[in-house]
Each structure stands twice: as structure tokens, then as C-alpha cells.
K.L.:
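Here you go, one structure.
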Amino acid sequence: MPPHQNLPKVLLHVPHEFASHLHHHFSHKFHFLNLSSLPLHQFFFACTHENDHHHDLSSITALICYGGHPVTADALPLLPSLRFIFTASAGTDHIDLSECRRRGVTVAGAGNLLSEDVADLAVGLLIDVVRKISVLDSYGRRRIQPPQSDFSLGSKLGGKKVGIVGLGKIGLEVAHRLEAFGCTILYYSRNIKPFVSYPFHSSVVDLATNSDVLVLCCELNDQTRNIVNREVMFALGKGGVIVNVGRGSLIDEKELLQCLMKGEIGGAGLDVFENEPHVPREFFALDNVVLSPHAGANTSESYMGIFQLAELNLEAFFSNEPLITPVIL
Ligand SMILES: O=CC(=O)O
């Protein structure tokens with residue numbers, strides 16, 4: 001009998017380095033099955049059509065995934081014994097949580113582990129946009145001064161009114177950092193947060209009207225999809241900057257492009273896009289935009305933390321202990 005025969009069977013649907021780490025460190029505790037980078041559906045298709053008995057999906061009890069691939073209602077029945085999902089992300093919009101609840105599948109995620117790194121990137125993108133660091137970089141590398149004609153000055157970060165959309169842990173971390181830069185913070189959130197003194201605005205249009213910058217830190221759901229639309233961008237105005245470290249679909253991306261191209265808003269710092277990894281080509285030509293490839297949590301510290309959380313949550317689940325970072329119990 002192979003040594004892993006009695007270990008819980010865990011399907012890994014994560015990037016290669018993540019899977020290798022788990023194999024290397026924890027394969028004495030769990031029997032990992034590698035799903036490489038195929039989307040779940042293609043993987044199931046391959047297994048069923050190739051009669052690949054090596055991948056016995058019926059006995060898989062846990063899945064480790066991340067935001068890159070959706071775990072949909074029609075994918076879940078393909079894993080009939082699935083009881084636990086760990087997602088290596090703070091966001092859970094890629095998982096059909098109500099179907100998980102219905103099927104009795106427990107879910108855990110990154111909790112607040114990634115919040116500081118994501119907030120750092122939000123602030124970095126904002127500074128880059130207002131001080132034109134990436135534009136300057138391109139001149140710096142060519143050792144030339146930017147021509148006066150097609151280069152306007154940057155603008156001071158201190159003193160800006162920053163409207164945070166979604167004052168959860170990431171939003172709060174952004175607020176604390178930007179306060180230290182001398183910005184004024186205001187926010188929109190599902191509920192008023194009684195523990196902060198920042199002014200609350202009950203609509204995003206109202207928030208945008210009163211802000212120089214919008215930073216999007218909220219989760220994506222039916223209420224927040226396209227929460228930043230044309231009306232919000234017009235309310236923000238010509239000098240306004242949008243930073244998005246939440247999810248691409250929080251913004252109407254086509255309208256954003258139009259507004260950026262026509263100068264209806266001043267600039268944007270984007271870590272997330274509507275249809276990742278695709279980034280609309282039109283963005284590439286705009287120097288009032290800074291683009292980052294969904295890298296908010298890309299630090300070695302966050303990665304090490306996520307590996308550890310994956311292990312601890314799996315262990316807790318399989319020993320009937322409370323989860324460390326539950327999403328649904
Ligand atoms: O986008 C990244 C995350 O949800 O953690």
C-alpha cells in the first residue's frame with residue numbers, strides 16, 4: 001500500500017511554486033494531487049475523457065485554490081466527496097459560496113494576512129500616479145530630461161482627500177498609511193464604522209464628489225459590481241485619481257478607459273482587471289495610468305504566511321478543530 005494511501009486527498013489548484021512548496025513540506029500529512037494550471041472544468045474534462053484513473057476525483061476531500069480559477073456551482077458536483085476548500089486569497093468572489101453552503105463544504109481563506117501588503121501596493125500605485133514615477137522612470141533609463149511640452153508636473157500627495165470604498169481591514173490599512181502622508185480620509189462602506197472618525201458617505205457618487213482620489217478596497221459581489229461607473233467618474237472629476245486593488249469588475253472598465261483617454265479623470269493605478277490576465281491594450285498607451293498584474297500580495301512574507309495558513313487550516317479541518325481563518329463553517 002503506498003504510504004499516502006490513508007492521508008486526506010487534497011486537490012491543488014494553485015500556481016506551480018505554491019504546489020511545489022506544499023508537496024515538499026506537507027506531503028507526509030496530506031496526499032496532494034496536482035491540478036497544474038488547467039481551469040477546473042478542463043481538468044475534469046481531461047480526467048473523464050482520458051479515463052485517467054490516476055486521478056480518482058471521487059475520493060478528493062479538500063481543494064486548495066486561489067482567485068485565478070473559479071470554483072463554480074457546476075464544478076462542485078464533480079468532486080462528490082469534497083468537504084473543505086482553502087483559498088489562498090482574501091477575496092472569495094471566485095467561489096460559489098452559497099453552493100458550498102448548500103453542499104456542506106467548509107471554506108477557509110487568507111483572512112487578514114495579505115491586507116498590509118495589498119494596502120502598501122495601493123499607496124505605491126497612488127504615489128506612482130500622482131508623482132508620475134513610472135513615467136519618470138522611462139525618461140531616467142534613457143538619461144534624458146522629460147520635454148516640457150508633453151510633460152506636466154506631478155501633484156502633491158499630502159492634502160489630498162482620499163475616499164476609501166470599503167473600509168474593511170485593507171481599507172483601514174490604506175487609510176492609516178495615507179493619514180501619515182497628510183491626506184484627509186473619508187469613506188463609503190456597507191455600514192458605518194463606529195470605531196473611526198473618518199466621515200462616512202452613503203453613496204459612492206457622494207464620496208467621489210468630495211474626494212480627489214478613490215481607492216477601491218471592497219469585495220466584489222452583486223452589490224459592488226461596477227460600483228464605479230460613469231457617474232462616479234464624472235463626480236470625481238478631471239483631476240481625480242482612481243486606485244483599484246479590489247477586483248477589476250468593481251469598475252466599469254470600458255468607461256474608465258474612455259474617461260482616462262478623454263481626460264475626464266486624471267489618472268488610475270490598477271492592480272486588477274475585469275478579465276484577468278487580459279489587460280485592454282488601450283491602457284498601454286496612457287501615461288496617466290500605472291498597471292500592475294494583480295500583485296497586491298506578492299511578497300515572500302505573504303507567500304510564506306499563506307503556505308502556513310493552508311497547512312494549519314487543513315490540519316484543523318481534518319482534526320475537527322476550529323479553523324484559523326474561516327470563510328464559511
Ligand atoms: O486578490 C487577492 C486576494 O483576494 O487575496
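Counting starts at 1 for both ligands and their atoms, following the listed order. Side chains are part of it too, since the values below use all heavy atoms of this structure and drop only hydrogens, waters and symmetry mates.
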K.L.:
Could you list each nitrogen or oxygen of ligand 1 that sits under 3.5 Å from a protein nitrogen or oxygen, with the atom names and the distance?
P.N.:
residue, atom, partner, partner atom, Å
ligand 1, 1 (O), Arg247, NH1, 2.8
ligand 1, 1 (O), Arg247, NH2, 3.4
ligand 1, 1 (O), His294, NE2, 2.5
ligand 1, 4 (O), Ala90, N, 3.2
ligand 1, 4 (O), Gly91, N, 2.7
ligand 1, 4 (O), Arg247, NH2, 2.7
ligand 1, 5 (O), Ala90, N, 2.6

K.L.:
Closer than 3.5 angstrom, by distance alone: can the side chain of Asp287 be matched with the main-chain N or O of Val135 as a donor-acceptor pair?
P.N.:
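Looks like no, no N/O pair under 3.5 Å.
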K.L.:
Only counting residues at least two apart or in another chain, list the ones meeting salt bridge (charged side-chain N to carboxylate O under 4.0 Å, His left out) with Glu253.
P.N.:
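Partners of Glu253 under the salt bridge (charged side-chain N to carboxylate O under 4.0 Å, His left out) test: none.
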K.L.:
Taking the six-membered ring for Trp and the full ring for Phe, Tyr or His, determine whether the centres of Phe32 and His23 are under 6.0 Å apart.
P.N.:
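Yes, ring centres under 6.0 Å apart.
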K.L.:
Partners of Glu179 by side-chain hydrogen bond (donor to acceptor under 3.5 Å, both in side chains), sequence neighbours excluded?
P.N.:
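Listed in chain order: Tyr198.
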K.L.:
Could you list the residues that satisfy salt bridge (charged side-chain N to carboxylate O under 4.0 Å, His left out) with Lys160, not counting sequence neighbours?
P.N.:
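Partners of Lys160 by the salt bridge (charged side-chain N to carboxylate O under 4.0 Å, His left out) criterion come out as none, since no residue qualifies.
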K.L.:
Could you walk me through whether Phe317 and Thr106 satisfy the side chain to side chain contact (heavy atoms under 4.5 Å, CB included) test, starting with their C-alpha distance in whole Å, then the side-chain angles of each, then the deciding distance to 0.1 Å, before giving a yes or no?
P.N.:
CA-CA 9 Å; Phe317 179 78; Thr106 300; 3.7 Å; yes
